[in-house]
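Read the structure below first, then the notes.
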Amino acid sequence: MASIEDEDHSQLKGFVIITLPPPNNPSLGKTITAFTLPNPPPPPSPPPPPSQPPIQSSLHHERRTIFAHPRRRISWTLSGIALFAFLTFCFTQSPRNHFKLTSSESSNEIDRDDDDDQTPNSFVFPLFPKLGFREETSKSRDMEVKLGKFSMFGSKGVVLPVDDGGVPSKVKWVSTVSNGALLPVNEDDLRDGLYYTQINVGSPPRPYFLDIDTGSDLTWIQCDAPCTSCAKGAHPYYKPASGNILSSKDSFCFDVQRTSKAGYCESCRQCDYEIEYADHSSSLGVLSKDDLRLVDVNGTSIDSKVIIGCAYDQQGILLNSLTKTDGILGLSRAKVSLPSQLAKQGIIDNVIGHCLASDSTSGGYMFLGGDFVPQTKMSWVPMLNDASMNYLAEVARVTYGSKQLSLDRQKKGNGRMVFDSGSSYTYFTRQAYSDLISMLKDVSLDGFIQDASDTTLPICWRFKSPIRSIKDVSKFFKPLTLQFGRKWWTISTNLHIPPEGYLIVNNKGNVCLGILDGSDLLDGSHILLGDISMRGNLIVYDNVKHRVGWMRSECVDPKPSNKYLPSF
C-alpha cells in the first residue's frame, strides 16, 4: 500500500485474503476470506500471511491498479471476487468434474454396492428402432402396449436349485404356494414404433438388447432356466448362477410380491414373479441379483449389483417383438425399476431421458442421470403421483388444428396422460378418438379415400398416387396440441404433435392413422402417448423434482449441461 499512500484511506472498508489449497488435496480449491475494517482507518499496509507471500504480492499489485476511486473500485473488486468464488464452487461441485478428480486418482473400473455414497454420474445409451412386419396370413397388425405390472403367480413355477454352480438343464415343476442395428424384414419398412438399447449383464459382462419401456417396472431378460416359451432373441439366453437367485427373504422380493394378486410368499425358497402387460401378453420368471456394467462418456466403467428378471415363459404378442431383442428395460417409477435401483445406490440422480429421431428409420439416444437435461428451452409439467408408478401428467385440452376434442375426464375439468415408451402407438379415450375420426373425414375432400382392405391399422387412406413419405401428404393434415395446466392463473404448457407424429406410411403406399381407440386401456380414462408421437422430441422424466419435460430435438448429439449454473 506504500505506493498509494497519497490516496485517502478513510473510505477503505475491508480487504480479502486468498489462501491456496493444500498441495496434497487440490480439489478443495482456494479459500477466500473477507475482513471488515472498523474506523479509524486501517493501517496503510496489512501484514500478509507469512506462508503466502506471492499471493499477497499479487493482491497488492491489483489494488495498486484498481483503487483510483476507492469506493467504486472496492465494490468492483469484491463483486469480482464473489463471482470468482461462485464459479470456483460450481466447478468443484459439478458431478462431472468431481468424478474426473476421483477417477484420475483411481483405476478405470469402479465397483459400487448398495452402501456406496458416491457423487451421481450420468450415462448415455444409443437407441435403435425395431422394424416390424405383418404376416400375410394375419388379419390385423399386432399393436404392442406394455405398461407392465406385477400380477399373480402362474399355476406352475420353476424351482432353480441352489446347491451347484449353475442353472440346470432340467428343472422340477411344483405348485406355487398361496395358490445395435436395424433389422428390416420382408422388405417392409413399417416400424413397430419400439426402440431398444444394449446393456451388459453378468460376470464377465455379456450384451443384451432390451426394449426401453417407461411403463414397465422390472428389467428382465429371456432366461435359460430352461426356457419354457421364449422367442429366439438377438443373443443367447441369460444364465444366472445359482448364487444370484434372489431369496424370498430379500426386501425387493417383498416389494414385488406384495403388490401382486397372490401376495408375498414367505415360505418360498426363491422370488417368483409374473408380469401382465396391457396388450394381454405376459412374462413369468424368477428374480436374480447380478452385475450390471455401465460405461460413462469418459470410458470409465462402473459395476453395480441390480435386480433383474430371469424370464423363462413369455406369452402373447410379446413373443413377436422379442425376435429381435432379449427382454424389457423397466424404466418406471417403481422401486425395482433400473433407474430407481441405481439412484438408491448413488450412481445416478433419478432422472431419465430419451430422444427419438423424427426419421422413422433412425434411432436416437437415452440417458440415465441428470447431467444431460437441458437448462433452457424445456417445457415442464408436474408429474402426478399415482399407485401405478406410471409417468402421468394432467391434460386440460386436446385440439386438432383449432377444433377441440372431448375428453373422458376422470376428474372434473381435466384428463390424464401416460408417457409410455413401450407402446408403439398413441391411444385416445373413446370420445376423443371418435371426435378425431369425425374431423379427419375432411381429408376426403383432398383426395384421400379410406381403404377398408388395408388392415395395417384400423384406419388407412389411399391417395391419388402411392405415398412414399409423410412429408408428401402432411400439408393435408393438421397438428394435434395437448394443453397442460389446470388453474386459470397458470400459464398453460403445450405439447405439439405434427402430422409426422401420428401418421405412418406402409408398404402399400397408403397413409395410416397411428392414433387408436384406448377404451380398453387403463379403464378407458387415460390418453397414452406412445413412441410414434414422441419422435422429434427429447422427453425427460425427473423423479427428483417430480416433473415431466420435453423439447423439440433432432436427437443426434446429447449435450451435457452444468446444472449448477443458473440459466439466463
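Between Tyr502 and the options Leu513, Ile532, Thr426, a side chain to side chain contact (heavy atoms under 4.5 Å, CB included) holds for only Leu513. Of the candidates Tyr195, Trp550, Tyr541, Tyr541 is the only one forming a ring-ring contact (aromatic ring centres under 6.0 Å, His included) with His354. Shown are Thr214, Asn385, Asp386; of these, the side-chain hydrogen bond (donor to acceptor under 3.5 Å, both in side chains) with Arg333 is made only by Asn385.
Rounded to the nearest 0.5 angstrom, Leu495 CG and Met417 CE are separated by 6.0 Å. With rounding to the nearest 0.5 Å, the separation of CG in Leu528 from OG1 in Thr429 is 11.5 Å. Taken from CG in Leu284 to SG in Cys223, the straight-line distance is 11.0 Å, to the nearest 0.5 Å. The OH atom of Tyr427 sits 9.5 Å away from the CG atom of Asp420 when rounded to the nearest 0.5 Å. Taken from CG in Asp272 to SG in Cys310, the straight-line distance is 10.0 Å, to the nearest 0.5 Å. Considering OG1 of Thr325 and CD of Gln222, their distance stands at 8.0 Å, rounded to 0.5 Å.
Between Ser229 and Gln314, the side chains place no donor N or O within less than 3.5 Å of an acceptor N or O (distance only, hydrogens not considered). Gln315 and Ser281 share no donor-acceptor pair across their side chains, judged by distance under 3.5 Å alone.
Using a distance-only test at 3.5 Å, with no hydrogens or angles considered, a donor-acceptor pair links the side chain of Ser421 to the main chain of Ile212. A donor-acceptor pair under 3.5 Å is formed between the side chain of Ser340 and the backbone N or O of Ala334. In this structure, Gln375 contributes its side chain and Val373 its backbone to a donor-acceptor pair below 3.5 Å. Within the 3.5 Å criterion, the main-chain N or O of Ser519 finds a donor-acceptor partner in the side chain of Asp517. Side-chain atoms of Ser424 never come within 3.5 Å of backbone atoms of Leu194 as a donor-acceptor pair (strictly under, hydrogens ignored). Not one N or O on the side chain of Ser533 forms a donor-acceptor pair closer than 3.5 Å with the backbone of Gly530. The backbone N or O of Gly370 sits less than 3.5 Å from a side-chain atom of Ser122, completing a donor-acceptor pair. One N or O on the side chain of Asp326 and one on the backbone of His235 form a donor-acceptor pair closer than 3.5 Å. With hydrogens and angles disregarded, no donor-acceptor distance shorter than 3.5 Å links the side chain of Ser423 to the backbone of Tyr425. Looking at Asp542, its side chain does come within 3.5 Å of a backbone N or O of Val544 through a donor-acceptor pair.
For the pair Leu457 and Ile459, the minimum side-chain heavy-atom distance is 4.5 Å or more. When side chains are defined from C-beta on, Phe428 does not count as touching Leu407, because their heavy atoms never get closer than 4.5 Å. Val306 has its side chain within reach of Gln345: a pair of non-hydrogen atoms, C-beta onward, lies under 4.5 Å apart. For the pair Thr219 and Ile328, the minimum side-chain heavy-atom distance is 4.5 Å or more. Between Leu292 and Asn200 the shortest side-chain heavy-atom distance does not fall below 4.5 Å. Considering only heavy atoms from C-beta on, Ile307 comes within 4.5 Å of Leu246 through its side chain. Put simply, the side chain of Leu218 reaches to within 4.5 Å of the side chain of Ile275, judged on heavy atoms. Residues Ile352 and Phe367 have side chains not in contact (no heavy-atom distance under 4.5 Å, counting atoms from C-beta outward).
A parallel orientation is assigned to the rings of Phe419 and Phe484, their planes being inclined by less than 30° (bins at 30° and 60°). By the 30° and 60° cut-offs, the orientation of the rings of Tyr238 relative to Tyr208 is perpendicular.
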Exercise for the section: Mind running side chain to side chain contact (heavy atoms under 4.5 Å, CB included) on Leu331 and Ser337 for me, showing each step along the way? Expected result: CA-CA 5 Å; Leu331 300 173; Ser337 74; 5.9 Å; no

Practice task
Report the C-alpha separation of Leu294 and Leu342 in whole Å, then their side-chain angles, then the decisive distance to 0.1 Å, and conclude whether the side chain to side chain contact (heavy atoms under 4.5 Å, CB included) test is met.
Solution key: CA-CA 11 Å; Leu294 299 168; Leu342 295 177; 3.9 Å; yes

Practice task
Test side chain to side chain contact (heavy atoms under 4.5 Å, CB included) on Phe125 and Leu368 and set out the steps.
Solution key: CA-CA 8 Å; Phe125 303 79; Leu368 301 179; 3.8 Å; yes

Practice task
Begin with the C-alpha distance, continue with both residues' side-chain angles, and end with the deciding distance and a verdict on side-chain hydrogen bond (donor to acceptor under 3.5 Å, both in side chains) for Asp213 and Tyr277.
Solution key: CA-CA 11 Å; Asp213 189 3; Tyr277 293 99; 5.6 Å; no

Exercise for the section: Test Asp523 against Ser525 for side-chain hydrogen bond (donor to acceptor under 3.5 Å, both in side chains), laying out the working first. Expected result: CA-CA 5 Å; Asp523 299 325; Ser525 60; 5.3 Å; no

Handout entry: Intermediate values then yes/no, side-chain hydrogen bond (donor to acceptor under 3.5 Å, both in side chains), Ser288 and Asp290
Key = CA-CA 6 Å; Ser288 171; Asp290 214 332; 4.6 Å; no

Handout entry: Residue pair Leu318, Ser282: steps toward the side chain to side chain contact (heavy atoms under 4.5 Å, CB included) verdict
Key = CA-CA 7 Å; Leu318 178 62; Ser282 64; over 6 Å; no

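The nearest pair of heavy atoms linking Tyr433 to Pro458 is OH-CB, 4.3 Å. Nearest heavy-atom pair, Leu319 versus Ala231, reported as atom, atom and distance to 0.1 Å: O-CB, 3.4 Å. Minimum heavy-atom separation, Asp217 to Met389: OD1-CB, 4.4 Å. Closest heavy-atom contact between Pro226 and Tyr312: O-CB, 3.8 Å. Residues Ala311 and Ser283 approach most closely at CB-OG, 3.4 Å, considering heavy atoms. The shortest heavy-atom contact between Cys512 and Thr456 is SG-CB, 4.2 Å.
Salt bridge present: Lys559 and Asp557 bring a charged side-chain N and a carboxylate O closer than 4.0 Å.
Counting heavy-atom neighbours within 6.0 Å of Arg547 CZ, excluding the residue itself, gives a total above 12.
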